[in-house]
Amino acid sequence: MLDLRRIREAPEEVLRALHTKNPNLELDEILALDARRLNLLQESEKLKALRNTESRAIAEAQKAGQDAAPRIAAMREVGDRIKAVDGDLKEIDERQHDLLMRLPNTPHPAVPVGRDERDNVEVGSWGEKPVFTFTPRNHLELGEALDILDFPRGAKIAGSGFPVYKGAGARLERAIINFMLDLQTLEHGYTEIFPPFLANRESMTATGQLPKMEEDMYHAVKDDLFAIPTAEVPITNLHRDEVLPGESLPVRYAGYSACFRREAGSYGKDVRGFLRVHQFNKVELVQFTRPEDSDRTLEELRGHAEEVLRRLGLHYRVLALCTGDLSFSSARTYDLEVWSPAEGRYLECSSCSTFTDFQARRGSMRFKDKGGKPQILHTLNGSGLATSRLIVALLETWQTADGGITVPPALRPYMGGLERIA
RNA sequence: GGAGAGGUGACCGAGUGGUUGAAGGUGCACGCUUGGAAAGCGUGUGUAGGGUUACACCUACCGAGGGUUCGAAUCCCUCUCUCUCCGCCA
């Protein structure tokens, strides 16, 4: 949520920033409602002040044995008037709040201006595209030949896009998750969280999935709970409606979760194997920082995500997303894209973002220094990482001519020392 | 799922419908006292919104939302969460 005061005081500036994300956004109705709201609010408060003083006077009068009936009658009218004004006020408030909740975050000034993913800017890369002396197989062929992945049976159980990992594949998946968690907690200083995989409406609203993305999520109607599309939701909401001690910042959490996405409207795109799935595994990094620290923290977070790919020996590049490609809540995002030798292209496997005060304002997440006032903090997060595209790149990059897979050295301790899957 | 008890400020804990933003205590901050500390004494100590150049001041908030009333932390309804017992269960 954007600061209403900021919209009120500098609407052109806010609008200009919003338009770099989406040229169709407008603030007219919000501003019009704001003017009416302030009017009504002042009227309501004036009437309430009158009611308060009169009520006290009535009590005094009655104590003194005077007849207060006429004053009570007058106050009854004031009461009715208050009810009417407050009714209007509530309606306007709700409408304005709804509009406000549908406005995206404004981009950070450093974000390249652009329309869509074609305008993203490559800002870094690591490693080289692997060269093979044979024709590399894709992850589906490898997974099937080695009997470690079973998409058809996953489709039978739940539907397409619900992968089954088997044998060494299942163990590999678990190894990757454990490796990533250990790296982030033991070496990068994150506290491990194992969160709920379902979250309520309030939580989904705070991080920005609601109200606009309801169609993209699995929804348990009976309980009005949503399957989390990312652990960002439960982990960020850990501190919703809280005031953290200033000295406790930055707070850093890393957590594993399964992630669920309906991917509505994306049928026909990337349907093969792991390229686009409805359920996948991810270790998510979340940080809560002071406002002045969030820029620096984003770079640091990106480094923590990159380290996973480096240790697994996977070639990747880093993109700075342009304004038009930023997500709803994000002010600035780096995507990590890992190289898939069989696909011959880069696949997104991490997204590191700063949300500035956008999520924190929606979820009332604040900090307070000793003797100071509560202030809105900043939230950031990044995948560290998602395993689905990662495992595509890993299988394809580490495959050998005989159709087997070399287990990357970093994962061997997590595979009981196993060096090859064959 | 059934029965019962309860949600008051950073914390504990009062609160007959009428200056109760809320007694008392603890904690915290500042000051006095002291060679220094403890104890003691004094003062202060919520959030949000409106308003003001800045103060003042006004409004709201005692789990959430409605209702009754001139007036609600106090009465009524709904929801929610916590605890205890029973049932079911990985």
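Quick note on labels: first sequence line is chain A, next is B, and so on, each numbered from 1. All figures in this text were calculated on a predicted structure; none of them were measured in a lab. What's counted below: heavy atoms across the whole structure, side chains too, no hydrogens, waters or symmetry copies.
A/Glu300 and A/Arg252 are joined by a salt bridge, as a carboxylate oxygen and a charged side-chain nitrogen come within less than 4.0 angstrom of each other.
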Evaluation steps, salt bridge (Lys or Arg N to Asp or Glu O under 4.0 Å), between A/Arg389 and A/Glu337: CA-CA 9 Å; A/Arg389 276 76 174 267; A/Glu337 295 190 332; over 6 Å; no
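Annotation: B/rG36 and B/rA22 have their C1' atoms spaced 40 Å apart (nearest Å). Going from the C1' atom of B/rU74 to that of B/rG21 covers 15 Å, rounded to whole Å. Nucleotides B/rA73 and B/rG18 are separated by 11 Å at their P atoms, to the nearest Å. The separation of B/rG71 from B/rA3, taken at their C1' atoms, amounts to 37 Å, rounded to a whole angstrom. Taking atom P in both B/rU43 and B/rG51, the straight-line distance is 35 Å, to the nearest Å. Remark: the separation of the P atoms in B/rG46 and B/rG9 is 14 Å, to the nearest Å. Comparing the same atom, C1', in B/rA39 and in B/rU34 gives a spacing of 11 Å after rounding to whole Å. When the P atom is compared between B/rG40 and B/rC57, the two are found 33 Å apart, to the nearest whole Å.
Checked against A/Ser353 for a side-chain hydrogen bond (donor to acceptor under 3.5 Å, both in side chains), the options A/Asn381, A/Asn105, A/Thr333 give a single hit: A/Thr333.
Figure legend. B/rU16 is base-paired to no nucleotide; pairs are counted as Watson-Crick or G-U wobble with both atom distances under 3.5 Å. For B/rG27, the paired base is B/rU45 (Watson-Crick or G-U wobble, both distances below 3.5 Å). Remark: B/rC62 base-pairs with no nucleotide in the shown strands. Criterion, Watson-Crick or G-U wobble with two distances under 3.5 Å. Under the Watson-Crick or G-U wobble criterion, with both distances below 3.5 Å, B/rC55 has no partner in any strand shown. Under the Watson-Crick and G-U wobble criteria, each requiring two contacts below 3.5 Å, nucleotide B/rG71 is left unpaired. In a base pair of the Watson-Crick type (N1 to N3 plus N6-O4 or O6-N4) or a G-U wobble (N1-O2 and O6-N3), with each distance short of 3.5 Å, B/rA3 is matched with B/rU84. Summarising the base pairing, B/rC32 is matched to B/rG40 through a Watson-Crick or G-U wobble pair whose two defining distances lie under 3.5 Å.
What separates CG of A/Asp93 from P of B/rG49 is a distance of 12 Å, to the nearest Å. If you measure from atom CD of A/Glu202 to atom C1' of B/rG65, you get 13 Å, rounded to the nearest angstrom. Between A/Leu244 atom CG and B/rA10 atom P the separation is 14 Å, expressed in whole Å. To the nearest angstrom, P of B/rA60 lies 7 Å from CZ of A/Arg51. The distance from atom CE of A/Met365 to atom C1' of B/rU47 is 18 Å, rounded to the nearest whole Å. Computed from coordinates, the A/Ile58 CD1 to B/rG71 C1' distance equals 8 Å when rounded to whole Å. Put simply, CD on A/Glu77 is 17 Å from C1' on B/rG71, counting in whole angstrom units. A/Glu60 places its CD atom 19 Å from the P atom of B/rC70, with the value rounded to the nearest Å.
Aromatic ring centroids of A/His378 and A/Phe358 lie 6.0 Å or more apart. In this structure, A/Phe367 has its ring center at least 6.0 angstrom away from the ring center of A/His239. Checked against the 6.0 Å centroid criterion, the rings of A/Phe162 and A/Phe151 do not qualify as a close aromatic pair.
At least one donor-acceptor pair under 3.5 Å links the side chain of A/Gln359 to the backbone N or O of A/Thr207.
Backbone-only engagement by A/Arg8 is indicated by non-hydrogen atom pairs under 4.0 Å involving sugar-phosphate atoms exclusively.
Using cut-offs of 30° and 60° for the angle between ring planes, the A/Tyr190 and A/His188 rings count as perpendicular.
Here the nucleotide nearest the side chain of A/Arg5, chosen from B/rG18, B/rG49, B/rU59, is B/rG49. Comparing atom distances between the A/Lys83 side chain and each of B/rC70, B/rU59, B/rU68 picks out B/rU68 as nearest. Looking at the side chain of A/Arg366, the nearest of the listed nucleotides B/rC70, B/rA60, B/rA48 is B/rA48. Side chain of A/Asn52, nearest nucleotide from B/rC70, B/rG50, B/rU59: B/rU59.
A close approach under 4.0 Å does occur between a side-chain nitrogen or oxygen of A/Arg76 and OP1 or OP2 of B/rC70.
RNA chain B lies under 4.0 Å from at least one heavy atom of each of the following residues of residues 38-48 of chain A: A/Leu38, A/Leu41, A/Gln42, A/Glu45, A/Lys48.
The CG atom of A/Leu390 sits 6.0 Å away from the CG atom of A/Leu394 when rounded to the nearest 0.5 Å.
Place A/Ala49 and A/Arg37 on RNA chain B by their nearest nucleotides, and A/Arg37 ends up nearer the 5' end. Toward the 5′ end of RNA chain B lies the nearest nucleotide of A/Gln62, the other residue of the pair A/Lys373 and A/Gln62 mapping further downstream.
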